Amino acid sequence: AQSVTQLGSHVSVSEGALVLLRCNYSSSVPPYLFWYVQYPNQGLQLLLKYTSAATLVKGINGFEAEFKKSETSFHLTKPSAHMSDAAEYFCAVSNSGNTPLVFGKGTRLSVIA
Amino acid sequence: DAGITQSPRHKVTETGTPVTLRCHQTENHRYMYWYRQDPGHGLRLIHYSYGVKDTDKGEVSDGYSVSRSKTEDFLLTLESATSSQTSVYFCAISQGQRTDTQYFGPGTRLTVL
């Protein structure tokens with residue numbers, strides 16, 4: 001069975017500081033990995049996804065993530081946090097075949113002025 | 001934005017009453033999903049559909065049933081609502097391949113008193 005672990009349910013950074021949100025996965029097959037963002041009272045929006053084309057994936061709003069097979073990780077980073085980045089972030093892994101995504105429990109990002 | 005609507009957006013009901021939530025899409029995507037979101041649990045899959053009249057259970061399917069008689073509509077029914085089913089419910093759609101993005105609806109906030 002596939003699973004996702006997001007380290008830290010809440011991360012707080014200062015405006016302009018590096019954002020690092022951690023995601024580790026467990027998968028018996030080569031994984032496809034996703035990061036979603038959820039702003040308050042909204043649905044989830046795709047930030048970026050890894051589909052084996054390149055290990056460093058760039059997404060929207062200046063976010064990127066690097067797939068590291070040896071560490072089974074897919075951490076999300078942004079060089080400089082903005083107040084508008086405050087949201088909840090979810091990492092997800094694609095299961096084998098056409099079965100649904102498996103989500104981590106989420107990390108809430110706060111940005112302090 | 002993907003054409004996904006959910007109705008109702010908010011509902012308050014009493015324990016023991018039946019409740020039906022509707023998800024409607026205009027994208028003609030084959031796959032549709034129902035998730036619930038609870039603090040500390042992230043998103044958990046309730047049921048999903050891989051075609052008209054084709055459905056399967058997810059991680060937290062007890063107490064829920066679904067139906068899909070048309071490509072565009074996916075209904076989630078709580079036969080007899082309980083307080084533990086108080087949650088935010090999200091519908092999602094995808095074309096069904098492992099690399100596909102799941103697009104999420106705006107959510108339905110359900111309170112069972």
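No experiment lies behind these values; they were computed from the predicted model shown. Below, read A as the first sequence line, B as the second, and so on, with proteins coming before strands; counting in each chain starts at 1.
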>> According to a hydrophobic-cluster definition based on side-chain heavy atoms being under 4.5 Å apart (Ile, Leu, Val, Met, Phe, Trp, Tyr only), do A:L20 and A:L33 belong together?
In response: no

> Do A:Y39 and A:M83 belong together in a cluster built from hydrophobic side chains that touch within less than 4.5 Å?
Replying inline: yes

>> So for B:Y35, is it side chain, backbone, both, or neither that comes closer than 4.5 Å to the heavy atoms of chain A?
In response: side chain

> Above 12 or not: heavy atoms from other molecules or residues under 6.0 Å from CD of A:E15?
Replying inline: yes

> So how far is it from A:L101 CG to B:D100 CG, rounded to the nearest 0.5 Å?
Replying inline: 9.5 Å

>> Please classify the contact between B:L45 and chain A as side chain, backbone, both or neither, with a heavy-atom cut-off of under 4.5 Å.
In response: side chain

> What about A:I60 and A:L76, same hydrophobic cluster or not, with Ile/Leu/Val/Met/Phe/Trp/Tyr joined at side-chain heavy-atom distances under 4.5 Å?
Replying inline: yes

> Given the options B:G58, B:G107, B:G40, B:A92, which has more heavy-atom pairs under 4.5 Å with chain A than any of the others?
Replying inline: B:G40

> Given a strict heavy-atom distance threshold of 4.5 Å, which part of A:Q38 is in contact with chain B: side chain, backbone, both, or neither?
Replying inline: side chain

> Among B:Q37, B:E59, B:R44, which residue forms the greatest number of heavy-atom pairs with chain A at distances under 4.5 Å?
Replying inline: B:Q37

>> Hydrophobic clustering (ILVMFWY, side-chain heavy atoms < 4.5 Å, transitive) - are B:V88 and B:L75 grouped together?
In response: no

> Quick one: what part of B:Q6 sits under 4.5 Å from any heavy atom of chain A, side chain, backbone, both or neither?
Replying inline: neither

> Side chain, backbone, both or neither: which part of A:Y36 has an atom under 4.5 Å from a heavy atom of chain B?
Replying inline: side chain

> What residue in A:Q6, A:K49, A:Q42, A:R108 has the most heavy-atom pairs under 4.5 Å with chain B?
Replying inline: A:K49

>> For B:R109, which atoms come within 4.5 Å of any heavy atom of chain A: side chain, backbone, both, or neither?
In response: side chain

> Nearest 0.5 Å, what's the OG1-CD distance between B:T101 and A:Q45?
Replying inline: 11.0 Å

>> Which heavy atom of A:P100 sits nearest to which heavy atom of B:Y48, and what is that distance?
In response: CG-CD2, 3.6 Å

> Relative to chain B, which segment of A:L44 carries a heavy atom at a distance below 4.5 Å: side chain, backbone, both, or neither?
Replying inline: both

> Can you tell me how far the CZ atom of B:F104 sits from the CG atom of A:L46, to the nearest 0.5 Å?
Replying inline: 9.5 Å

